[in-house]
Amino acid sequence: MAKERSLLAMEMGARIAERRKQLGWTQEQAAEASGLSWQFFACVERGIKNIRAESLLNLSRAMNVSADYILTGKESKVDYGHLLKYLEPLSEMQLNCLEEILKNYLLACGHRPPER
């Protein structure tokens, strides 16, 4: 019995293929950049196999496109990965200070900061 392809998997695969072609990559190049086997990548692109969350993140980073776009076809307004890059060089003390600043900013904007 052949596995029935889901509409979501086929739509995601089409978006992945479109982005790969925009980049001028072969399936092999895209698979290698994403840390996936070529065979698995080809199946994902055709909507035959579903991709795990971790692999989706690796793929979206390698192809410089949001995971939101691959999943829904809509671009995210905010690139959280880009924001996280600002935090990488900070020390633990600097990160703690920034956390306090963010909490106070949220309060000033009328939002309740998330619980730890």
Side-chain angles (χ1 to χ4, degrees):
M1 179 191 239
K3 244 187 183 178
E4 201 175 309
R5 295 192 294 176
S6 78
L7 181 59
L8 177 59
M10 291 188 309
E11 290 172 345
M12 287 173 56
R15 286 189 282 273
I16 292 167
E18 177 185 0
R19 179 62 181 149
R20 175 181 61 77
K21 290 172 186 172
Q22 287 173 348
L23 294 169
W25 289 355
T26 65
Q27 285 183 330
E28 291 87 355
Q29 290 170 319
E32 184 178 333
S34 305
L36 303 172
S37 74
W38 167 77
Q39 295 85 351
F40 179 73
F41 183 88
C43 287
V44 168
E45 222 182 58
R46 290 193 316 261
I48 295 170
K49 290 193 177 186
N50 291 314
I51 189 166
R52 289 184 10 227
E54 183 179 346
S55 297
L56 175 61
L57 287 175
N58 291 339
L59 178 102
S60 66
R61 287 178 182 144
M63 297 180 97
N64 197 27
V65 68
S66 74
D68 284 347
Y69 174 74
I70 293 172
L71 286 167
T72 67
K74 298 176 185 171
E75 281 292 333
S76 174
K77 301 282 186 213
V78 178
D79 180 2
Y80 293 102
H82 180 72
L83 291 175
L84 290 174
K85 289 181 182 180
Y86 286 109
L87 305 178
E88 289 174 0
L90 300 180
S91 69
E92 185 176 349
M93 185 176 83
Q94 291 169 324
L95 288 169
N96 288 333
C97 290
L98 183 58
E99 182 179 13
E100 287 302 313
I101 291 168
L102 286 171
K103 284 180 190 175
N104 289 319
Y105 179 78
L106 287 171
L107 289 169
C109 292
H111 300 285
R112 196 157 128 205
E115 302 268 333
R116 257 192 157 198

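Sequence positions, counted from 1, serve as the residue numbers for this chain. Because only heavy atoms are used, hydrogens play no part in the values below, and waters and symmetry mates are left out as well, while side chains stay in. Everything numeric in this text was worked out from a predicted model, so none of it was measured.
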Trainee: Can you list every salt bridge (Lys or Arg N to Asp or Glu O under 4.0 Å) pair that touches residues 39-49, not counting sequence neighbours?
Mentor: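 Residue pairs passing salt bridge (Lys or Arg N to Asp or Glu O under 4.0 Å), neighbours aside: Arg20-Glu45.
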
Trainee: So which pairs with a foot in residues 22-47 pass ring pair (Phe, Tyr, Trp, His ring centres under 6.0 Å), sequence neighbours left out?
Mentor: none

Trainee: Distance from Gln39 atom CD to Ile48 atom CD1, nearest 0.5 Å?
Mentor: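 With rounding to 0.5 Å, CD (Gln39) is 12.5 Å from CD1 (Ile48).
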
Trainee: Checking Glu99 now: which residues fulfil side-chain hydrogen bond (donor to acceptor under 3.5 Å, both in side chains) with it, not counting sequence neighbours?
Mentor: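 Testing Glu99 for side-chain hydrogen bond (donor to acceptor under 3.5 Å, both in side chains), a comparison that skips the adjacent residues, returns Arg116.
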
Trainee: Report the residues that fulfil salt bridge (Lys or Arg N to Asp or Glu O under 4.0 Å) with Glu100, sequence neighbours left out, ordered by chain and then residue number.
Mentor: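 If we apply the salt bridge (Lys or Arg N to Asp or Glu O under 4.0 Å) test to Glu100, skipping adjacent residues, the hits are Lys103.
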
Trainee: Under the ring pair (Phe, Tyr, Trp, His ring centres under 6.0 Å) definition, can you give me all pairs with a residue in residues 85-116, not counting sequence neighbours?
Mentor: His82-Tyr86

Trainee: Could you identify which residues cluster with Leu98, counting Ile, Leu, Val, Met, Phe, Trp and Tyr as linked when any side-chain heavy atoms lie under 4.5 Å apart, either directly or through a chain of such contacts?
Mentor: Leu84, Leu87, Leu90, Leu95, Leu102

Trainee: Would you find a donor on one side and an acceptor on the other, under 3.5 Å apart, between the side chain of Arg19 and the backbone of Met63?
Mentor: yes

Trainee: Not counting sequence neighbours, list each pair that qualifies as a side-chain hydrogen bond (donor to acceptor under 3.5 Å, both in side chains) and has a residue in residues 52-63.
Mentor: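 Matches after skipping sequence neighbours: Arg52-Glu54.
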
Trainee: Group every Ile, Leu, Val, Met, Phe, Trp and Tyr by side-chain heavy-atom contacts under 4.5 Å, then state whether Leu36 and Leu56 land in the same group.
Mentor: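 Yes: a chain of side-chain contacts under 4.5 Å links Leu36 to Leu56.
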
Trainee: Can you name the side-chain hydrogen bond (donor to acceptor under 3.5 Å, both in side chains) partners of Glu32, sequence neighbours left out?
Mentor: none

Trainee: List the atom pairs, with distances to 0.1 Å, where a side-chain N or O of residues 8-18 and a protein N or O form a donor-acceptor pair under 3.5 Å, not counting sequence neighbours.
Mentor:
residue, atom, partner, partner atom, Å
Arg15, NE, Tyr69, O, 3.0
Arg15, NE, Ile70, O, 2.9
Arg15, NH2, Ile70, O, 3.1
Arg15, NH2, Leu71, O, 2.9
Glu18, OE1, Tyr69, OH, 3.4

